[in-house]
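To start, the structure itself, in structure tokens.
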Amino acid sequence: MASEYKPHYAAHIAELQRRWEAALEEEGLQAALVHSGTPMYSFQDDYQYAFRPNPNFLAWLPLTQQSDSTLLIVPGERPHLVYFQPVDYWYLPPSDPESWWADQFDVEVVRNADGWRAALDNKLAGRSLAARDIAAIGDSPSLADVFRPERINPDGLVTRLHLARTRKTPYEVACIEEAAGLAAVAHCEAERAFREGESEFNIHQRYLSACEHSDAQLPYGNIVALNSHGAVLHYQGRERSVPAEIHSFLLDAGCTVNAYASDITRTYATGAGEFADLVQAMNTLELDLVGRVRAGLDYKELFLQSHLEIAAILKSFDIIRADAETAVESGLSSVFYPHGLGHFLGLQTHDVAGLIDNDGTAIPRPDGHPALRLTRVLEAGNTLTIEPGLYFIEPLLQAWRETNDPAVINWSKVEQLMPSGGIRIEDNVLVTDNGCDNLTRRAFAEV
Ligand code: GLY
Ligand code: MN
Ligand code: MN
């Protein structure tokens with residue numbers, strides 16, 4: 001199935017070392033300390049929120065539950081990992097470092113959550129480097145006790161590190177590819193559950209068990225939407241009961257491998273008919289858009305194209321009565337397609353640096369499109385989603401009716417399609433010099 005990530009790990013670490021050394025030098029910094037994060041507790045309680053480490057730590061280490069650990073990056077030296085491994089009998093402590101990743105680091109095990117401070121002092125003893133002059137990356141409150149405020153997450157360094165993360169290494173691509181493979185297996189199981197007439201809740205459980213993920217391991221909360229729930233873009237409900245009639249199913253769900261995400265959406269119609277035809281048209285459009293992805297493509301241009309093409313689909317199905325250009329200019333296409341075409345994908349589902357160019361300057365979104373998350377010119381090594389959508393969203397339709405010309409919408413057609421909610425088709429792609437590799441379609445083909 002998916003390619004194996006372990007053989008690429010040493011080269012990944014070497015590449016990160018080069019990138020971080022360059023970023024430190026450009027920012028006039030001598031070293032950086034990355035803190036994995038400190039768990040947060042519910043108010044006046046002794047239970048923690050689900051813990052997610054700092055993504056800048058995860059970029060180096062496949063340690064998705066490792067709190068209160070630090071990585072010290074000093075140019076010319078092996079990275080130094082302070083690994084928090086308490087002696088505990090209330091909770092299971094982290095297991096011993098595993099050689100496939102630990103061999104790339106100097107590893108020092110500490111038993112206390114603030115053990116990294118003494119470890120850092122020891123590491124710096126006898127050098128001209130002082131902790132106060134090192135940049136710290138992370139959100140642990142403990143950083144403020146050691147570092148000067150202007151040294152914690154300095155903008156210049158953070159921007160350089162974010163930009164570096166847009167170009168995935170072969171290790172990262174292999175992780176995302178495997179996450180796409182797992183999600184494809186689980187999507188197929190979820191489709192079976194839908195065809196068997198299961199509830200949203202049960203479909204979700206079948207998804208989890210097929211990919212052997214807990215809820216907390218998912219990159220984002222699964223969107224498991226029957227019927228009109230598909231029109232709620234980030235629908236988070238999980239109805240336990242089965243609707244009396246089932247028209248459609250929209251599933252937006254991914255998996256993680258070493259914290260790298262996949263983010264995949266499929267939409268199904270229960271039977272033949274106009275909604276099924278619309279799903280088919282959107283699928284054709286999505287593949288067509290993916291076919292245009294390559295290094296050098298301006299993503300916001302592709303996004304604007306997708307608006308024109310969705311407007312053309314709306315017109316050809318007699319849902320709107322305006323030509324595509326007018327529909328886009330007037331904002332009518334946004335009533336049916338109110339989100340962006342996609343986003344970078346990586347350690348974060350909506351991965352970083354989608355809205356800046358290579359010198360860190362903001363690239364504005366096109367007017368009237370506040371939800372677009374990616375405005376860059378694409379480069380080889382970018383991983384991103386292509387996810388056009390078409391929905392029947394009551395509040396947006398209502399707002400159009402109240403403030404614009406209602407005659408440009410065929411309301412009886414809208415009423416007929418409304419119970420099916422909406423359509424989104426979402427694939428994950430790797431940009432190459434000559435095109436792109438559609439990781440999602442390949443994963444489905446292999447299931
Ligand atoms: N699943 C969230 C998104 O597609 O962006
Ligand atoms: Mn997405
Ligand atoms: Mn998605």
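All values reported here derive from a predicted model rather than from experimental measurement. Note that the numbering runs from 1 along the sequence shown for the chain. Both counts, for ligands and for their atoms, begin at 1 and track the order of listing.
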Exercise. Look at the side chain of Y220 and the backbone N and O of A253, then say whether any donor-acceptor pair between them is shorter than 3.5 Å.
Key: yes
Would you mind listing each N/O atom of ligand 1 next to any protein N/O under 3.5 Å, plus the distance?
residue	atom	partner	partner atom	Å
ligand 1	1 (N)	D252	OD1	3.2
ligand 1	1 (N)	D252	OD2	3.0
ligand 1	1 (N)	D263	OD1	3.2
ligand 1	4 (O)	D252	OD2	3.3
ligand 1	4 (O)	D263	OD1	3.4
ligand 1	4 (O)	D263	OD2	3.1
ligand 1	4 (O)	E387	OE1	3.0
ligand 1	4 (O)	E387	OE2	3.4
ligand 1	4 (O)	E426	OE1	3.3
ligand 1	4 (O)	E426	OE2	3.2
ligand 1	5 (O)	H343	NE2	3.1
ligand 1	5 (O)	H350	NE2	2.7

Self-check item: Y235-E200 side chain donor-acceptor pair, cut-off 3.5 Å
Solution: yes
Self-check item: Polar protein atoms (N, O or S) that approach the Mn ion (ligand 2) to under 2.8 Å
Solution: D263 OD2, H343 NE2, E387 OE2, E426 OE2
Quiz prompt | Polar contact flag, side-chain donor to acceptor under 3.5 angstrom, D263-H350 | solution = no
Quiz prompt | Test item: E446 side-chain N/O and A443 main-chain N/O as donor-acceptor pair under 3.5 Å | solution = no
Quiz prompt | Passing candidate, side-chain contact (heavy atoms from CB on, under 4.5 Å) with I203, options E198, E189, R192, E191 | solution = E198
Exercise. Verify, without hydrogens or angle tests, whether N54 (side chain) and I137 (backbone) share a donor-acceptor contact under 3.5 angstrom.
Key: yes
Exercise. Without swapping roles, check the side chain of T70 against the backbone of L33 for a donor-acceptor pair under 3.5 Å.
Key: no
Exercise. For E426 and E286, work out which heavy atoms get closest and say how close.
Key: C-OE2, 4.2 Å
Quiz item: If we ignore angles and hydrogens, is there a donor and acceptor under 3.5 Å between the side chains of Q305 and E301?
Solution: no
